[in-house]
Asker: 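Take this structure, written in structure tokens, and hold onto it; I'll ask about it next.
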Amino acid sequence: MTQRIVHDVTIECIQGDIANQPDMDAVVNAANAQLRPGGGVAGAIHRAAGPGLDEACRPLAPIKPGQAVITGAHNLPNKYVIHCLGPVYGVDEPADELLANCYRQALQLAEHNGIESIAFPAISTGVFGYPLEAATRIALGVMAGEAQKLTKLKRIRCVLFQPSDLAVYNQVLDELNGTR
Ligand code: ADP
């Protein structure tokens with residue numbers, strides 16, 4: 001597993017299912033604006049969390065691209081779910097800033113809620129069409145940049161569904177390690 005430690009915060013990348021990360025305090029949902037179940041990450045999270053999560057989300061919707069909101073995790077093996085709406089690539093602009101806002105807001109929400117560990121999927125890289133390598137540079141760049149401001153949050157995990165996506169994350173993380 002490729003890891004980077006920035007200011008006492010471990011950033012790690014693994015292959016897996018975001019809905020099955022029992023050792024993490026919080027998992028991040030690649031949500032839709034209405035915070036409804038849907039497909040991909042949102043489908044997996046809502047299926048595992050059960051209908052209570054859908055109910056908890058209703059009063060918080062709709063959210064805007066770049067925004068993050070927090071709920072309990074219901075039947076998931078975590079304490080919290082942080083729901084982020086990534087940009088739809090080619091539609092929501094500026095896409096890079098909106099995607100960075102997702103990661104930044106999620107990390108800040110985690111910090112404010114005393115969360116020590118959080119797992120992220122590759123937001124916007126599925127149905128929303130964001131090219132993976134560009135999205136990866138934004139995700140890992142924000143994580144490394146925010147790490148110095150984090151005091152409670154100690155562990156950030158990137159969970160990639162596909163091995164080829166994990167390889168891209170590992171390569172970008174290696175590059176960041178090289179510039180340490
Ligand atoms: P978005 O609508 O933000 O693009 P998606 O859920 O369609 O979100 O996909 C985001 C990324 O998450 C894609 O790279 C997809 O392969 C991956 N993915 C899909 N299901 C899971 C899962 N259960 N765990 C982790 N990653 C997943």
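Just so we're clear, the structure is a prediction, and the values are computed from it rather than from any experiment. Both ligands and their constituent atoms are indexed starting at 1 by order of listing.
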Asker: Identify, by atom number and element, the atoms of ligand 1 in contact range of Gly40, meaning under 4.0 Å from any of its heavy atoms.
Answerer: 6 (O), 20 (N)
Asker: Select the closest option to atom 25 (C) of ligand 1 among Ile18, Asn20, Val127, Leu85, judged by heavy-atom distance.
Answerer: Ile18
Asker: For the atom pair CZ (Arg137) and CD (Gln171), what is the distance rounded to the nearest 0.5 Å?
Answerer: 7.0 Å
Asker: Taking Tyr103 for the side chain and Ile123 for the main chain, is one N or O donor matched with an acceptor at less than 3.5 Å?
Answerer: yes
Asker: Against heavy atoms of Gln162, which atoms of ligand 1 measure under 4.0 Å?
Answerer: 16 (O)
Asker: Within less than 4.0 angstrom of ligand 1, does Ser124 place any heavy atom?
Answerer: yes
Asker: Does the protein come close to atom 15 (C) of ligand 1 - that is, does one of its heavy atoms sit below 4.0 Å from that atom?
Answerer: no
Asker: Would the distance check show the side chain of Asn29 and the main-chain N or O of Ile45 forming a donor-acceptor pair, the cut-off being under 3.5 Å?
Answerer: no
Asker: Closer than 3.5 angstrom, by distance alone: can the side chain of Glu175 be matched with the main-chain N or O of Val172 as a donor-acceptor pair?
Answerer: no
Asker: Mind checking whether Val41 has an N or O less than 3.5 Å away from an N or O of ligand 1?
Answerer: yes
Asker: For atom 23 (N) of ligand 1, what's the nearest protein heavy atom and its distance?
Answerer: Asp17 OD1, 2.9 Å
Asker: Starting from atom 13 (C) of ligand 1, what is the nearest protein heavy atom, named by residue and atom, and what distance separates them?
Answerer: Thr125 OG1, 3.4 Å
Asker: Is a donor on one side and an acceptor on the other found under 3.5 Å between the side chain of Gln162 and the backbone of Ser164?
Answerer: no
Asker: So is Ala30 polar-close to ligand 1, meaning N/O to N/O under 3.5 Å?
Answerer: no
Asker: Is there side-chain contact between Leu35 and Val69, with heavy atoms separated by less than 4.5 Å?
Answerer: yes
Asker: Return the CG to CG distance between Leu132 and Asp165, rounded to the nearest 0.5 Å.
Answerer: 4.5 Å
Asker: Atom 26 (N) of ligand 1: which protein heavy atom is closest, and how many Å away?
Answerer: Phe161 CB, 3.6 Å
Asker: Who gets closest to atom 2 (O) of ligand 1 by heavy atom: Phe120, Phe128, Tyr89?
Answerer: Phe128
Asker: Please confirm whether the backbone N or O of Lys152 pairs with a side-chain atom of Glu111, one donor and one acceptor, at under 3.5 Å?
Answerer: yes
Asker: Ignoring hydrogens, what is the shortest heavy-atom contact between Cys84 and Ala106? Give both atom names and the distance.
Answerer: SG-CB, 3.8 Å
Asker: Give the single entry among Ala119, Gly126, Ala122 that approaches atom 9 (O) of ligand 1 most closely by any heavy atom.
Answerer: Gly126
Asker: Which ligand 1 atoms does Ala44 reach within 4.0 Å, using its non-hydrogen atoms?
Answerer: 23 (N)
